[in-house]
Amino acid sequence: VYKAKYGKFPMAETSSIGLTHDLGKGIMLQYFPERFEAITRFQAENPGKTFHETEIEIGYNWFKHEEVGAFFLNMWNLPDLLVNTALYHHEPERASQSLRPILEVLAFTNELVTRIELMEPEGVFDKSWVQEGFVSDNALLDLVADIKKDMNDQYPVQV
């Protein structure tokens with residue numbers, strides 16, 4: 001996605017951001033299990049809600065998984081890139097100008113995969129959340145098809 005949008009590959013240092021951006025969820029599961037369970041229970045009762053949307057809706061907007069992850073990455077003296085990735089992966093516009101392109105792509109990709117996961121098996125993909133001009137409609141639909149195929153290949157639906 002980054003190359004398609006910006007015409008080049010991202011810097012090599014960004015290769016691990018996909019692994020660390022949601023670290024806060026794992027920390028919440030381990031150390032704040034009641035909170036994590038409340039979020040996932042609400043999600044189960046309200047299909048179509050993302051983890052992030054649910055955190056805000058049920059009142060955990062003061063210390064969401066982004067802040068939890070960023071706090072620990074910072075405490076562990078990991079690079080600022082990783083700290084900022086965790087902190088701003090849902091709000092790339094809040095990041096520094098230099099990090100914004102990679103965070104915009106991460107936010108887009110994160111949201112894309114989440115929306116695909118929430119789709120009904122034969123559902124129509126809702127692209128209303130995609131920022132105008134971020135990617136072409138054809139490129140977006142190709143990405144959705146590729147990701148759905150890869151997800152199905154990796155995790156086939158059991159009948």
Measure the [atom1]-[atom2] distance between [X] and [Y] for me, rounded to the nearest 0.5 Å.
X	Y	atom1	atom2	answer
I17	L106	CD1	CG	4.5 Å
L103	S98	CG	OG	9.0 Å
T109	E104	OG1	CD	11.5 Å

Tell me if the centroids of the rings in F42 and F51 come within less than 6.0 Å of each other. no
Give the C-alpha distance, both sets of side-chain angles, the deciding distance and a yes or no for side chain to side chain contact (heavy atoms under 4.5 Å, CB included) between F108 and V113. CA-CA 9 Å; F108 169 81; V113 171; over 6 Å; no
For residues 72-88, tabulate all N or O donor-acceptor pairs below 3.5 Å that involve a side-chain atom, not counting sequence neighbours.
from : atom 1 : to  : atom 2 : distance (Å)
N84  : ND2    : D80 : O      : 2.9
T85  : OG1    : L81 : O      : 2.6

If a pair satisfies salt bridge (charged side-chain N to carboxylate O under 4.0 Å, His left out) and one of its residues is in residues 30-40, list it, with sequence neighbours excluded. E37-R41
For residues 137-146, pull every pair meeting salt bridge (charged side-chain N to carboxylate O under 4.0 Å, His left out), keeping only residues two or more places apart or in separate chains. K127-D137
Nearest heavy-atom pair of I116 and V144: which atoms, and what distance? CD1-CA, 3.9 Å
For G69 against L23, the heavy-atom pair lying closest together: O-CD2, 4.2 Å
How would you list, by chain and number, every residue that makes a side chain to side chain donor-acceptor pair (under 3.5 Å) with T50, sequence neighbours excluded? E53
Could you list the residues that satisfy side chain to side chain donor-acceptor pair (under 3.5 Å) with H21, not counting sequence neighbours? N110
Same apolar cluster: I56 and I58, side chain cutoff 4.5 Å: no
Side-chain donor-acceptor pair present, E66, H89, cut-off under 3.5 Å: no
With no hydrogens and no angle check, is any side-chain donor or acceptor of E55 less than 3.5 Å from a backbone partner on H65? yes
Let me check something: any side-chain donor-acceptor pairs from residues 24-32 under 3.5 Å, sequence neighbours excluded? List them with distances.
none

Under the salt bridge (Lys or Arg N to Asp or Glu O under 4.0 Å) rule, what do E57 and K49 come out as? Steps first, then yes or no, please. CA-CA 10 Å; E57 193 161 327; K49 295 278 186 187; 2.7 Å; yes
